[in-house]
Amino acid sequence: MANFQTHLTASTVLGIGYGAAGFAYLGAPIPTSILAAGLCSVSGMLPDIDSGPGRPLREITTFMAAVVPTMLIHRFERWGMSPESVILTGACIYVAIRFGLSYFLKHYTVHRGMFHSFPAAAIFGELAYLAAYSDDNMLRCFVAGGVVVGFLSHLVLDEIYSVQWDGAPRLKKSFGTAMKFFGEGWWPNISAYAKLIVLTLAVTVDPSVMQGLQTGQIAQSLRRITHIGQQQPVEKTAAGGSGQSRR
Ligand SMILES: [Zn+2]
C-alpha cells in the first residue's frame, strides 16, 4: 500500500493542477482555486482515517477541525447568527471534530472498510459542497470536486500499490479493497449508502440549488463546463490569445 508521503505528494500535484485548471478555464477566483487545490491535497489522506491511531488520522482531523468551521462562517451569517454565536459554534465544531470524531474513527472503523470506496468519495464531496457556502454553484461544485479528486487519487494509488511487480504482476490480498462500491458485511454498506442518500437529499434541497435551478444558474454552470473545450480557441482568437476574462 502506498504510504502517507506518496498519497500526499500525488494529491498535492493533482491539487495544484486542479486549482490551476479551475482558475484558467472556469474563471475561479484565486482564493477559491487555492482552497480547492488545498482540499484536494489533504483529501489524498482522507480514506486512511480508518487506519486507526496514526499520522493520517491526526493530520486529517486537525485540518478538518480548523477548516470546517471556517468554511461554515458564510452559512452561519446567512442564518443571522451573531458574531459571538459564530465563534462559539465554531469552537464547538472544532472540539467535536478534533476529539469526538477522532475518538470515534480511532475505535469504530476498520481499515479498508467503506472509507475506501466510491460512495465514501461521493459522501465527502457532498459534505464539502454543503460546507462551501457560496451563491455561485459552479464554485461550490469546483471546491467539492477538489475533495473528490484528492479522495479518488488515494483509492487509485492504493489499487496500483496492491499489484506487485516481481518479473510478472502479482495481485496482493488488498487488491480490489480500495476502488469498490460495496464492502464486507451488510451494516457498513447500509450505513454508507444511507449517509449518501441523506446527503444527496440535503444537497438537492439546499436553497442555493433550488434557486440555481429556478434561475437557470446550474444549467449555465453545466454549459460552462461542457463547452470549455470548444470555447477556448474562440475566446483566444477573440482576445488575441490572452485567454478568457477572470473574476
Ligand atoms: Zn488507503
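Remember, it's a predicted structure, so these values are computed and weren't measured experimentally. Counting convention: from 1, in listed order, for ligands and their atoms alike.
Judged by distance alone, the side chains of S85 and S82 do bring a donor and an acceptor atom under 3.5 Å apart. One side chain, H154 or D158, offers a donor N or O that lies under 3.5 Å from an acceptor on the other.
Closest to the Zn ion (ligand 1) among the N, O or S atoms of D158 is OD2.
At least one N, O or S atom of H116 sits under 2.8 Å from the Zn ion (ligand 1). Because the distance cut-off is set at 2.8 Å, D50 fails to qualify as a neighbour of the Zn ion (ligand 1), as none of its N, O or S atoms comes that close.
Seen from the Zn ion (ligand 1), atom NE2 on H154 and atom OD1 on D48 lie at an angle near 90° (rounded to 10 degrees).
Here the CZ atom belonging to F23 is positioned 15.5 Å from the OH atom belonging to Y18, to the nearest 0.5 angstrom.
Remark: R55 does not engage D48 in a salt bridge, criterion side-chain N to carboxylate O under 4.0 Å.
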